[in-house]
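One structure below.
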Amino acid sequence: MGVFNVHERLLSAGPDQVGALIDTLSGGEDDLLWPGRLWEEMEFDRPLAVGAAGGHGPVRYTVAAYVPGTWVRFAFTGPRGFHGFHEFTVLPVDAERTLLRHTLAMNLSGISRVTWPLAYRAGHDAVLEDSLDRAELACTGTIARRARWSPYVRFLRGLERLVTRPTAQAATRHP
């Protein structure tokens with residue numbers, strides 16, 4: 001089963017300003033693109049560069065290609081059954097407008113043929129729209145139309161909290 005998914009936002013900013021956002025991807029305090037306060041943190045074993053390994057939650061990847069300020073591609077290493085990549089690309093429109101595009105292209109195998117449409121796709125779409133909101137805010141100081149989570153995404157996030165809460169509480173009670 002093939003998946004091709006694109007999210008993009010036209011930003012009122014030059015390509016250098018938009019490209020600088022890609023260079024901050026790290027999940028840390030200085031990350032201007034990844035919505036880590038709303039979603040699981042993005043993390044890498046070293047600064048953003050080819051070969052850096054990391055991901056967010058159960059989604060794991062390595063940096064397969066990186067052109068600072070222009071493009072970064074991540075090759076999936078997990079979950080099992082995700083075969084492909086996702087990437088951010090900076091596409092200049094003119095001196096004052098730039099398109100920031102996220103592309104996901106992968107083939108699914110095994111259980112991922114079920115988990116992608118049921119558990120991952122809606123969350124992926126929501127996290128990418130939240131990321132593009134962050135990009136717009138960083139470039140313009142405002143968000144013209146803030147992304148909204150669908151009822152299904154809110155349901156999945158609530159379910160996630162229910163599943164992870166007991167584990168976190170047990171860990172604090174039983175060191």
Side-chain angles (χ1 to χ4, degrees), residues 2-79 82-108 112 116 120-150 153 157:
V3 175
F4 185 73
N5 179 287
V6 176
H7 291 261
E8 56 189 23
R9 181 91 42 104
L10 182 62
L11 300 169
S12 296
D16 291 344
Q17 185 180 1
V18 176
L21 300 176
I22 288 176
D23 298 338
T24 70
L25 279 170
S26 67
E29 294 286 324
D30 298 330
D31 191 326
L32 299 173
L33 191 53
W34 187 255
R37 291 194 174 109
L38 298 172
W39 298 91
E40 293 177 284
E41 293 285 339
M42 178 181 279
E43 56 188 5
F44 292 103
D45 64 351
R46 58 187 148 192
L48 191 63
V50 172
H56 55 282
V59 180
R60 313 310 297 167
Y61 37 80
T62 59
V63 178
Y66 179 45
V67 177
T70 305
W71 172 62
V72 62
R73 176 175 284 184
F74 306 98
F76 289 111
T77 58
F82 279 31
H83 311 285
F85 66 88
H86 69 106
E87 64 187 15
F88 280 99
T89 308
V90 173
L91 301 165
V93 174
D94 55 39
E96 297 167 358
R97 296 179 303 148
T98 304
L99 189 68
L100 178 59
R101 177 179 293 155
H102 181 274
T103 304
L104 179 144
M106 66 179 173
N107 287 308
L108 300 171
S112 289
W116 167 257
Y120 286 101
R121 181 176 44 212
H124 165 79
D125 290 345
V127 75
L128 261 298
E129 290 302 317
D130 288 344
S131 178
L132 294 174
D133 279 357
R134 285 183 54 86
E136 186 175 349
L137 182 63
C139 289
T140 68
T142 188
I143 302 169
R145 245 183 258 158
R146 187 173 299 277
R148 302 275 185 240
W149 290 355
S150 71
V153 169
R157 296 304 305 260

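Counting begins at 1 with the first residue of the sequence.
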Check ion pair Arg148-Glu129 (N to O, under 4.0 angstrom) | no
Mark yes or no: Arg101 above the aromatic ring of Trp71, with NZ or CZ under 6.0 Å from the six-membered ring centre and no more than 45 degrees from the axis.
-> no
Where the side chain of Trp34 meets the backbone of Gly28, is there a donor-acceptor pair that is under 3.5 Å apart?
-> no
Roughly how far, to the nearest 0.5 Å, is NE2 of His83 from CG of Leu108?
-> 7.5 Å
Parallel under 30°, tilted from 30 to 60°, perpendicular over 60°: which one fits the rings of His124 and Trp116?
-> tilted
Over 12 foreign heavy atoms within 6.0 Å of CG, Asp30 = no
Counting N and O atoms only, with roles assigned by atom type, does the side chain of Thr142 sit under 3.5 Å from a partner on the main chain of Thr140, one being a donor and the other an acceptor?
-> no
To the nearest 0.5 Å, atom CG of Asp31 lies from atom CG of Leu25 at 5.0 Å
To the nearest 0.5 Å, tell me how far Arg9 CZ sits from His102 NE2.
-> 13.5 Å
Hey, mind stepping through Ile22 and Tyr66 against side chain to side chain contact (heavy atoms under 4.5 Å, CB included) and telling me if it holds?
-> CA-CA 10 Å; Ile22 288 176; Tyr66 179 45; 4.3 Å; yes
In this structure, CG of Leu32 is separated from CD of Gln17 (nearest 0.5 Å) by 10.0 Å
Any chance the rings of Phe88 and His7 have centres within less than 6.0 Å?
-> no
Going from OH on Tyr120 to CG on Leu104, what distance comes out if it is rounded to the nearest 0.5 angstrom?
-> 12.5 Å
Checking side chain to side chain contact (heavy atoms under 4.5 Å, CB included) for the pair Tyr61/Phe44: CA distance, chi angles, key distance, verdict?
-> CA-CA 9 Å; Tyr61 37 80; Phe44 292 103; 3.9 Å; yes
Show your working on side chain to side chain contact (heavy atoms under 4.5 Å, CB included) between Asp125 and Val153 and close with a plain yes or no.
-> CA-CA 9 Å; Asp125 290 345; Val153 169; over 6 Å; no
Atom pair CG/CZ of Asn5 and Arg121 - distance to nearest 0.5 Å | 9.0 Å
Check: Arg157 and Trp149 side chains under 4.5 Å, non-hydrogen atoms = yes
Leu33 backbone acceptor or donor facing Ser131 side chain under 3.5 Å | yes
Apply side chain to side chain contact (heavy atoms under 4.5 Å, CB included) to the pair Thr62 and Phe74, showing each step before the final yes or no.
-> CA-CA 5 Å; Thr62 59; Phe74 306 98; over 6 Å; no
Looking only at atom types and distance, does a side-chain atom of Asp23 sit under 3.5 Å from a main-chain N or O of Gly69, one as donor and one as acceptor?
-> yes
Backbone N/O of Leu11 and side chain of Thr98: donor-acceptor pair under 3.5 Å = no
